[in-house]
Visitor: 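To start, I am sharing the structure in question, which I have written as structure tokens.
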Amino acid sequence: MLQVAFIREHKEDVIKRLTKRNIDASQMIEEVITLDEERRQLQTQLDNTLAESNSISKEIGALYKSGKASEANVLKEKTTQLKDDSKTLNEQLNDKEEALNNLLYKIPNVPHISVPTGNTDEDNEEVFREGAIPTLHPNAKPHWELVKEYDIIDFELGTKIAGAGFPVYKGKGAKLQRALIAYFLDKNTAAGYNEVQVPHLVNEASALGTGQLPDKDGQMYHAANVDPSLYLIPTGEVPATNIYRGDLLTNTQLPQALTTYTPCFRVEAGSYGAHVRGLNRLHQFDKVEILRVEHPDRSYTALDEMVNHIKGILQELKLPYRILRLCGGDLGFTSALTYDFEVFSTAQDRWLEISSVSNFETFQANRLKLRFKNQDGKIQLCHTLNGSSLALPRVLAGILENYQTEDGIQIPEVLIPYTGFNKI
RNA sequence: GGAGAAUUGGCAGAGUGGUCGAAUGCGGCAGUCUUGAAAACUGUUGAGGGUCACACCUCCGGGGGUUCGAAUCCCUCAUUCUCCGCCA
């Protein structure tokens, strides 16, 4: 969430920049400022009341010590009113803080200057494109047919076991997926990202910290029967980022770079139709994530580094891809700037999103209370960034479709050491 | 799941009703000494709110309570450790 002090000082600018998201935040911003003012007033009143009763308590202590119990009892009566007052003020203050926070939770991150204006994904700006789109043989098929033909992914079996959107990977399909995971993790660790394995369920505080709650409650699976505060992770970003929740890092501890492999669980309510066929949209899928905690001065350099890193992976996989800078209307709630990577699926004749790399600036760090001590000894919020490297099912779909030949599916060269076979 | 013990500042560890945001040690930072470093010595060293700056307020696992006053007493939840049970 945005910092109140920042809103206070850059009111007009915040409102103006939020219009890129096609929202008029002026009323909310005004309300934030009013609530904050009222909050501070109440805080001051409460502080004064407490100060008075503290000093009386000290007097009482001193009187008892010198044996003047009757004088002490007189003072005791004075504190009754103060106690009532402070109790009331405290309640008012809590209400005010809650109202302020609830409002702040509703305000999305301020888009970066380079974010294009626009409403839908059609307004996203293509900033890079690379890789030859292969010419396929006349009998080329979409992946959902290929996987059936070669018996490497079984959607019906997954439906039997769990439900639609929970595929079973079999034989060489399972091996290829495992190969991709290992390859991604190796690339990421070679680039300096520390590998971590994290819980696949998170508590409320964690989901709140990265911004899944309160806004996206319905999109997460909820383990409520066991513990109402437990959710299945929609992305490894949630547990991995929360490693740093509440931390106060030293200047020298920055940057932090992590990579993690996790399954991801998403409700995806009401998603049916051609665009969600096969591997295109699932309730459970695997993903390798990269994540950085950065000094504010370096975060956009870091974002470029992450983009370049993912480029490198796609170049090695020899997949045709493009990079989009998301427009204001398509930008995620918590993000200031996001680049999406899309692989061209030749057989489906469309682009598939396989990675999303974002700079959240201080938006998550503020909720997480993730700070560092700068060179002057001042405490500042860190910037957090993350990206997929990569989302497995769609990379898999891209490989199956782009690498298909009339007598089988080729395996990208870099993966052969991992799969142990070169053709399906 | 059952029984017992514990949770204090970056770490270790004192503190059982007032003068405790908290002794002491280690670590960190600055200085003295040194050609430099080490050692030694001296000083300094938690966070949040608030203020132009002070003052002041809050925080000793979380929440609630008792009291004029709580790190200290009570309730409750969480976590950790030990023993038992169960188990990949």
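Below, chain A is the first sequence line, B the second, and so on; all start at residue 1.
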Visitor: Are a donor atom and an acceptor atom from the side chains of A:Ser299 and A:Asn359 found within less than 3.5 Å of each other?
Guide: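 The answer is yes; a qualifying pair exists.
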Visitor: Report yes or no: do A:Asn73 and A:Glu77 form a side-chain donor-acceptor pair below 3.5 Å?
Guide: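 No, A:Glu77 and A:Asn73 have no side-chain donor paired with an acceptor closer than 3.5 Å.
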Visitor: B:rC57, B:rG50, B:rG18: which one has an atom nearest the side-chain heavy atoms of A:Ile60?
Guide: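 Minimum distance to the A:Ile60 side chain belongs to B:rG18.
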Visitor: Taking the same atom, P, in B:rC57 and in B:rA5, what whole-Å distance lies between them?
Guide: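 Result for the P pair: 37 Å, nearest Å.
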Visitor: What's A:Thr79 touching, base or sugar-phosphate or nothing? Going by heavy atoms closer than 4.0 Å.
Guide: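 Counting heavy atoms under 4.0 Å across all strands, the contact made by A:Thr79 is with sugar-phosphate only.
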Visitor: Among B:rC57, B:rG50, B:rG18, find the nucleotide with the atom closest to the side chain of A:Tyr64.
Guide: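 Side chain of A:Tyr64 sits closest to B:rG18.
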Visitor: With distance as the sole criterion, do the side chain of A:Asp47 and the base of B:rG49 form a donor-acceptor contact below 3.5 Å?
Guide: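 Answer is yes: a donor-acceptor pair is held.
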Visitor: Closest approach to the side chain of A:Ile379, judged atom by atom: which nucleotide of B:rG69, B:rG49, B:rA47 is it?
Guide: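 In terms of side-chain proximity for A:Ile379, the closest of B:rG69, B:rG49, B:rA47 is B:rA47.
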Visitor: Please give the distance between the C1' atoms of B:rG10 and B:rC29 as a whole number of Å.
Guide: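 So the two C1' atoms sit 13 Å from each other.
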Visitor: Just to be sure I understand the rule, does A:Asn54 reach a base, reach only the sugar-phosphate, or reach nothing, if contact means heavy atoms closer than 4.0 Å?
Guide: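 The answer is sugar-phosphate, as A:Asn54 gets under 4.0 Å only of primed atoms, P, OP1 or OP2.
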Visitor: A:Arg371 side chain: which of B:rG48, B:rC68, B:rG49 is closest?
Guide: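 That would be B:rG48.
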Visitor: Any chance CZ of A:Arg245 has more than 12 other-residue heavy atoms, nucleotides or ligands included, within less than 6.0 Å?
Guide: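 Yes.
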Visitor: Without hydrogens or angle criteria, can the side chains of A:Thr384 and A:Gln364 be said to hold a donor-acceptor pair below 3.5 Å?
Guide: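 Yes - a donor-acceptor pair under 3.5 Å links their side chains.
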Visitor: So, does A:Lys373 get its side chain near the phosphate of B:rA47, meaning an N or O under 4.0 Å from OP1 or OP2?
Guide: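 Result: yes.
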Visitor: Start at the 5' end of RNA chain B and walk down; is the nucleotide closest to A:Arg39 or to A:Ser53 reached first?
Guide: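 First, find each residue's nearest nucleotide; the 5'-ward one identifies A:Arg39.
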Visitor: Can you tell me which nucleotide in B:rG49, B:rU58, B:rA47 comes closest to the side chain of A:Leu248?
Guide: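 So the nucleotide nearest the side chain must be B:rA47.
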Visitor: When the P atoms of B:rC60 and B:rA71 are considered, how many whole Å apart are they?
Guide: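 Per the computed distance, 7 Å lies between those P atoms.
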Visitor: Quantified in whole Å, what is the C1' atom distance between nucleotide B:rC73 and nucleotide B:rG9?
Guide: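 Pairwise C1' distance, B:rC73 against B:rG9, rounds to 24 Å.
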